[in-house]
There are 2 protein chains.
Amino acid sequence: MANSKLYKGSLNTIILKLLDEKGKMYGYEITQKVKELTKGELTITEGALYPALHKLEAEGLLDVEVAKVDNRIRKYYKLTEVGEKETVNRLAELEEFIRSMQNLVKPNWSIQ
Amino acid sequence: MANSKLYKGSLNTIILKLLDEKGKMYGYEITQKVKELTKGELTITEGALYPALHKLEAEGLLDVEVAKVDNRIRKYYKLTEVGEKETVNRLAELEEFIRSMQNLVKPNWSIQ
DNA sequence: CTAATATACATAATTTTCTTATGTATATAT
DNA sequence: ATATATACATAAGAAAATTATGTATATTAG
């Protein structure tokens with residue numbers, strides 16, 4: 001993701017979450033969906049996305065299915081059973097992380 | 001920070017925010033404060049913290065002041081004027097990032 | 001009709017940012 | 001006496017991005 005130096009480490013979880021919601025998606029679709037959902041705030045770069053998808057597949061969390069649409073190749077990814085279980089764990093971790101960050105950033109704890 | 005692979009990229013902003021709140025802090029104090037504020041969720045490692053402090057200082061965002069307490073050296077860091085301005089920007093970025101992450105993770109947008 | 005933009009994949013080189021492993025030194029608690 | 005806590009530091013290595021390419025087809029704009 002260009003623009004934001006911050007999100008590092010959360011890309012895999014984002015991918016898993018999107019696939020969990022949509023059932024199956026292809027790479028380019030994921031980049032567009034993230035742009036849409038974050039109103040352009042986060043832009044997944046191809047150099048980050050494709051290696052991430054390949055790694056998740058190699059880890060057995062994703063399955064691929066190749067399709068040809070309008071004479072162009074698409075690779076649809078979907079969660080495996082293992083992937084679905086991992087998604088639950090990683091989402092919980094990410095939400096915990098977000099909560100922690102808010103504790104750090106939001107409150108004026110120095111007043112006490 | 002051990003435990004969480006997620007927070008990458010946000011350490012600098014966390015440091016700036018803590019210094020903004022407290023006025024001045026030393027390295028070890030920062031590690032303990034983060035542990036406290038996140039209930040042990042995030043643990044800043046020394047290998048991450050000290051290089052980060054040195055870099056922020058080199059960038060002109062922090063000033064150092066060496067003190068000797070109980071025969072042990074402490075290095076107190078505080079924001080420079082430039083550092084204060086940067087803190088505002090980076091906090092805004094971080095909050096925006098957190099909001100984006102929540103948009104990605106929370107809602108069941110696939111229902112529509 | 002042709003040039004730019006969008007769609008769709010991929011990878012290599014490099015950089016950033018950590019973790020892990022050390023190292024030094026003092027103070028306190030067991 | 002030994003372990004733990006306080007307090008700094010850095011080097012080696014790993015992880016996860018960015019940036020820069022590359023290929024190829026489809027569509028839109030001038």
Side-chain angles (χ1 to χ4, degrees), chain A residues 1-16 24-36 40-59 61-62 64-77 90 93-94 97 101, chain B residues 1-16 24-36 40-59 62 64-77 90 93-94 97 100-101:
Chain A
M1 300 177 189
N3 319 328
S4 170
K5 298 133 273 172
L6 290 165
Y7 78 112
K8 303 187 185 195
S10 44
L11 176 57
N12 285 339
T13 308
I14 292 170
I15 293 171
L16 294 174
K24 68 176 187 177
M25 298 178 86
Y26 57 100
Y28 187 77
E29 186 185 7
I30 292 174
T31 67
Q32 301 308 301
K33 193 71 194 175
V34 168
K35 224 184 267 181
E36 179 200 323
E41 274 297 316
L42 299 187
T43 307
I44 299 182
T45 61
E46 295 155 299
L49 178 67
Y50 292 115
L53 287 171
H54 300 160
K55 201 183 166 213
L56 288 169
E57 190 199 345
E59 289 168 353
L61 304 185
L62 300 185
V64 197
E65 183 196 316
V66 181
K68 204 161 191 177
V69 179
D70 291 331
N71 210 34
R72 269 195 297 248
I73 281 172
R74 284 183 186 172
K75 294 197 175 172
Y76 281 97
Y77 290 90
R90 300 218 192 169
E93 253 189 272
L94 181 53
F97 165 71
M101 291 304 285
Chain B
M1 301 176 188
N3 319 329
S4 170
K5 300 133 271 169
L6 291 165
Y7 77 112
K8 300 192 186 189
S10 44
L11 176 57
N12 286 337
T13 308
I14 291 170
I15 293 171
L16 294 174
K24 67 175 189 179
M25 298 179 85
Y26 57 100
Y28 186 77
E29 187 185 7
I30 292 174
T31 66
Q32 300 308 301
K33 193 71 194 176
V34 168
K35 223 184 267 180
E36 178 200 324
E41 274 297 315
L42 298 186
T43 307
I44 299 183
T45 61
E46 295 155 300
L49 178 67
Y50 292 115
L53 287 172
H54 300 159
K55 201 184 166 211
L56 288 169
E57 190 198 345
E59 288 168 353
L62 300 185
V64 196
E65 183 196 317
V66 180
K68 203 161 193 177
V69 179
D70 292 331
N71 210 35
R72 269 194 297 248
I73 280 174
R74 284 182 187 173
K75 294 198 175 172
Y76 280 97
Y77 289 90
R90 299 216 193 171
E93 254 188 273
L94 181 52
F97 166 72
S100 288
M101 292 303 286

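Every chain is numbered from 1 and lettered A, B, ... according to where its sequence line falls, protein lines coming before strand lines. Values in this document were obtained by computation on a predicted structure and should not be read as measured data.
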Inset, instruction - Tell me which nucleotide among C/dC9, D/dA9, D/dT19 gets nearest to the side chain of A/Tyr50. - result: C/dC9

Inset, instruction - Could you tell me which non-hydrogen atom of A/Glu41 sits nearest to which non-hydrogen atom of B/Ser100, and how far apart they are? - result: CB-OG, 3.4 Å

Inset, instruction - Would you mind reporting whether A/Ile30 and A/Ile14 have side-chain heavy atoms less than 4.5 Å apart? - result: no

Inset, instruction - Could you check how far NZ of B/Lys75 sits from C1' of D/dA7, rounded to whole Å? - result: 10 Å

Legend entry - Distance, rounded to the nearest Å, where A/Asp70 contributes CG and C/dA8 contributes C1': 11 Å

Legend entry - Selection from C/dC18, D/dT10, D/dA17 that lies nearest to any side-chain heavy atom of B/Ala48: C/dC18

Inset, instruction - Check B/Leu49 against B/Gly27 and note the closest heavy-atom contact, atom names and distance. - result: CD2-O, 3.2 Å

Inset, instruction - Whole angstrom is fine here: how far is it from CD1 in A/Ile73 over to C1' in D/dA26? - result: 15 Å

Legend entry - Residue-phosphate contact under 4.0 Å: A/His54 side-chain N/O, C/dC9 OP1/OP2: no

Inset, instruction - Can you figure out which of D/dA17, D/dA7, C/dC9 approaches the side chain of A/Glu46 most closely? - result: C/dC9

Inset, instruction - On DNA chain D, check which nucleotide each of B/Glu29 and A/Ala52 is closest to and give me the residue with the more 5' one. - result: B/Glu29

Legend entry - Shortest non-hydrogen separation from B/Glu57 to B/Leu62 and the atoms involved: CG-O, 3.6 Å

Inset, instruction - Using a cut-off of strictly less than 4.0 Å, decide whether B/Asn71 has a side-chain nitrogen or oxygen near OP1 or OP2 of C/dA27. - result: yes

Inset, instruction - Find the distance A/Tyr76:OH to C/dC9:P and express it as a whole number of Å. - result: 9 Å

Inset, instruction - Would you indicate, yes or no, if D/dA7 has its OP1 or OP2 atom less than 4.0 angstrom from a side-chain nitrogen or oxygen of B/Tyr26? - result: yes

Legend entry - Closest to the B/Lys55 side chain, choosing from C/dT17, D/dA16, D/dT19: C/dT17

Inset, instruction - Round to a whole Å and report the spacing from CZ of B/Arg74 to C1' of D/dC8. - result: 12 Å

Inset, instruction - Take atom CG of B/Leu11 and atom C1' of D/dA15, then tell me their distance rounded to the nearest Å. - result: 16 Å

Legend entry - d(CD1, B/Ile44; P, C/dC18) in whole Å: 9 Å

Inset, instruction - Identify whether any heavy atom of B/Gly27 sits under 4.0 Å from a base atom; if not, whether one sits that close to sugar-phosphate; answer base, sugar-phosphate or nothing. - result: sugar-phosphate

Inset, instruction - Could you pull out the closest heavy-atom pair between B/Tyr77 and B/His54, with the gap in Å? - result: OH-CD2, 3.7 Å

Legend entry - Nearest-nucleotide 5' precedence on DNA chain D, A/Arg72 against A/Asn12: A/Asn12

Inset, instruction - Indicate whether OP1 or OP2 belonging to D/dT25 is found under 4.0 Å from a side-chain N or O atom of A/Lys68. - result: no

Inset, instruction - Nearest whole angstrom, please: distance from the P of C/dA8 to the NZ of A/Lys35. - result: 13 Å

Legend entry - A/Tyr77, nearest nucleotide to its side chain (from C/dA10, D/dT10, D/dA9): C/dA10

